[in-house]
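Remember, predicted model here, so these are calculated numbers, not experimental data. Values below: all heavy atoms of this structure, side chains included; hydrogens, waters and symmetry mates excluded.
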Amino acid sequence: QVQLVESGGGLVQPGGSLRLSCAASNIFRINTMGWYRQAPGKERELVATITSGTSTNYDDSVKGRFTIDTDTAKNTVYLQMNSLKPEDTSVYYCYVRGRTYSGTYRDYWGQGTQVTVSS
């Protein structure tokens, strides 16, 4: 019933920008929204999270380049990615920790969107 719909991935040149979006549906309260990424043969790693709509956490590799924000009315989280580097190439997964009206807090994952940074 809970659905996370991701969009915004694609191919971009080094130094370029992309904006990822993730809309969550059928969730009545959200604690944390964020983004993780996973490259082939590697473990999934944190990129950025935002908790209670205000408290942000970024991996050191993206600080100063990426910005996470939310639209609470739309249950949507965004990741603005600037100054992209080839090492940012990965599948980016939307993450939500939240609860349904009658349930307990759980972790939910999007299906992933490919980001490729190459000249």
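Under the 3.5 Å distance criterion, the side-chain polar atoms of S90 are matched with a main-chain donor or acceptor of A39. Judged purely by atom type and a 3.5 angstrom limit, N26 uses its side chain to pair as donor or acceptor with the backbone of Q1. When atom types are taken as modelled, the side chain of E6 and the backbone of C94 share a donor-acceptor pair closer than 3.5 angstrom. T89 places a side-chain N or O within 3.5 Å of a backbone atom of V117 that can act as its donor or acceptor partner.
In this structure, the side chains of D59 and V47 stay at 4.5 Å or more apart for every pair of heavy atoms. Using a 4.5 Å cut-off on side-chain heavy atoms (C-beta onward), V115 and D88 make no contact.
Distance CZ/R65 to CG/N82: 9.0 Å, rounded to 0.5 Å. Distance CD1/I68 to OG1/T49: 6.0 Å, rounded to 0.5 Å. Rounding to the nearest 0.5 Å gives a distance of 9.0 Å between CG of L18 and OG1 of T113. The distance from atom CD of E45 to atom OG of S61, rounded to the nearest 0.5 Å, is 6.0 Å. Between the CG atom in L20 and the OH atom in Y78 there is a gap of 12.0 Å [rounded to 0.5 Å]. For the atom pair CG (L46) and OH (Y93), the distance works out to 15.0 Å, reported to the nearest 0.5 Å.
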* To do: Evaluate side-chain contact (heavy atoms from CB on, under 4.5 Å) for R106 paired with T104, printing each intermediate quantity in order.
  => CA-CA 6 Å; R106 291 185 174 89; T104 57; 3.7 Å; yes

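Close placement of the W109 and Y95 rings is indicated, their centers lying within 6.0 Å of each other.
A single hydrophobic cluster is seen to contain both F66 and V12, as judged by linkage of ILVMFWY side chains at heavy-atom distances under 4.5 Å, directly or through other members. Residues I30 and Y36 do not share a hydrophobic cluster, clusters being chains of Ile/Leu/Val/Met/Phe/Trp/Tyr side chains in contact below 4.5 Å. By the criterion of side-chain heavy atoms lying less than 4.5 angstrom apart, applied directly or through intervening Ile, Leu, Val, Met, Phe, Trp or Tyr residues, W35 is grouped together with I27 in one hydrophobic cluster.
Residue pairs meeting the disulfide bond (SG atoms under 2.5 Å apart) criterion with at least one partner in residues 56-88, sequence neighbours excluded, are absent.
Under 3.5 Å, the side chains of Y105 and R99 contain no donor-acceptor pair of N or O atoms. When only modelled atom types and interatomic distance are considered, T51 and T32 share a side-chain donor-acceptor pair under 3.5 Å.
Contact check on D60 versus K63 returns a salt bridge, with a Lys/Arg side-chain nitrogen under 4.0 Å from an Asp/Glu carboxylate oxygen.
Think of Y101 as one node in a network of Ile, Leu, Val, Met, Phe, Trp and Tyr side chains linked at under 4.5 Å; its network also takes in F28.
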